[in-house]
Undergrad: 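A single structure is presented below for examination.
Letters A, B, ... are given to chains in the order of the sequence lines, protein chains preceding strands, and every chain is numbered from 1. Keep in mind that this is a model prediction, so the values were computed, not measured.
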Amino acid sequence: NAGVTQTPKFRILKIGQSMTLQCTQDMNHNYMYWYRQDPGMGLKLIYYSVGAGITDKGEVPNGYNVSRSTTEDFPLRLELAAPSQTSVYFCASSSRDSGEKLFFGSGTQLSVL
Amino acid sequence: GESVGLHLPTLSVQEGDNSIINCAYSNSASDYFIWYKQESGKGPQFIIDIRSNMDKRQGQRVTVLLNKTVKHLSLQIAATQPGDSAVYFCAETISGGSNYKLTFGKGTLLTVNP
C-alpha cells in the first residue's frame with residue numbers, strides 16, 4: 001500500500017513555463033486535495049475534489065487547474081508559471097471513513113526562476 | 001474569516017522533558033481539531049485529533065487539550081525524544097461537511113536537544 005504518491009519531488013521552472021504535478025492514491029479515497037506550503041507558513045488549500053469528475057476551488061486557486069478523471073489521480077496543472085508559485089506542494093486524500101484525517105504525500109518542491 | 005495561529009513559532013527542549021505546543025483558533029464554529037507532525041522533507045502526518053465535545057484526549061505519549069472558552073488548543077508530548085523534532089501544525093474544521101476541508105496554522109518548530 002503506497003498511500004499518496006507525488007511526482008516529481010523537485011522541479012525548477014522558468015517563468016512562463018507550464019507543468020503538471022502528479023498525484024495518485026491507492027486507498028480508494030473519495031476526497032483529494034492540493035495544498036501549497038510557503039516557507040514558515042501553514043498549508044493553503046489550492047483545489048479539492050470530492051469524487052471523480054468533481055473539483056472545486058480552495059483558498060488560493062489562481063494560476064492553477066485540476067482535473068479528476070479517476071478516483072486515484074488528481075493532477076495539478078500550472079499554466080504560465082510565476083515566481084509567486086515557488087512553493088512546496090502537497091497532495092492529500094481522505095475518505096468518508098477517515099473523515100477529516102488527511103493522508104499526505106511527500107511533497108513536490110517547485111522553484112520558478 | 002477563519003484563522004488558526006500558534007503562540008510560539010519555535011520551541012527547544014531537552015531530551016526527556018515534556019513539550020507543550022500551543023495553538024489559538026478564532027472560528028467559534030470549528031468543532032474538530034487535528035494535530036499534524038511534519039518532519040523535514042516529508043508530508044504532514046496525523047498525530048491526534050479531538051472533537052469539541054471533549055476537553056482532553058490522550059494518545060501514546062501525546063495529549064491534546066481543548067479550551068473552547070478561550071479558543072485554545074495545546075499538544076503535550078511526554079518524555080520528548082530526538083525523533084519528535086519536527087514542525088507541528090494544528091488544523092481546524094467544521095465536521096460533518098461535504099468536503100472535509102481543514103484550515104492549518106503556521107506551525108511550531110520543535111527541536112529536541114540530546
Undergrad: For the NZ atom on B/K68, are there more than 12 heavy atoms of other groups (residues, nucleotides or ligands in this structure) within a distance under 6.0 Å?
TA: yes
Undergrad: How long is the span from the CZ atom in A/F103 to the CZ atom in B/F46, to the nearest 0.5 Å?
TA: 8.5 Å
Undergrad: Closest heavy-atom contact between B/Q38 and A/F90?
TA: NE2-CZ, 3.1 Å
Undergrad: Count the heavy atoms of every other residue, nucleotide or ligand shown that sit under 6.0 Å from CD1 of A/I12, and state whether that count exceeds 12.
TA: no
Undergrad: Are B/V87 and A/Y89 linked, directly or through other ILVMFWY residues, by side chains that come within less than 4.5 angstrom of each other?
TA: no
Undergrad: For atom CD of B/Q45, is the number of surrounding heavy atoms from other residues, nucleotides or ligands below 6.0 Å larger than 12?
TA: no
Undergrad: Among A/L43, A/L102, A/L45, find the one that has a side chain to side chain contact (heavy atoms under 4.5 Å, CB included) with B/L102.
TA: A/L102
Undergrad: Checking A/Q109 against chain B: side chain, backbone, both or neither under 4.5 Å from a heavy atom?
TA: neither
Undergrad: Should A/F74 and A/I54 be regarded as members of a common hydrophobic cluster, given that ILVMFWY residues are connected when their side-chain heavy atoms come within less than 4.5 Å of each other, either directly or indirectly?
TA: no
Undergrad: Rounded to the nearest 0.5 Å, how far apart are OG1 of B/T103 and NZ of A/K44?
TA: 8.5 Å
Undergrad: Which distance, rounded to the nearest 0.5 Å, do you find between the CZ of B/F104 and the OH of A/Y35?
TA: 4.5 Å
Undergrad: What about A/V60 and A/Y33, same hydrophobic cluster or not, with Ile/Leu/Val/Met/Phe/Trp/Tyr joined at side-chain heavy-atom distances under 4.5 Å?
TA: no
Undergrad: For a quick test of reading the model, state the closest non-hydrogen atom pair linking A/K101 to B/D49 and the distance between them.
TA: CE-OD2, 3.2 Å
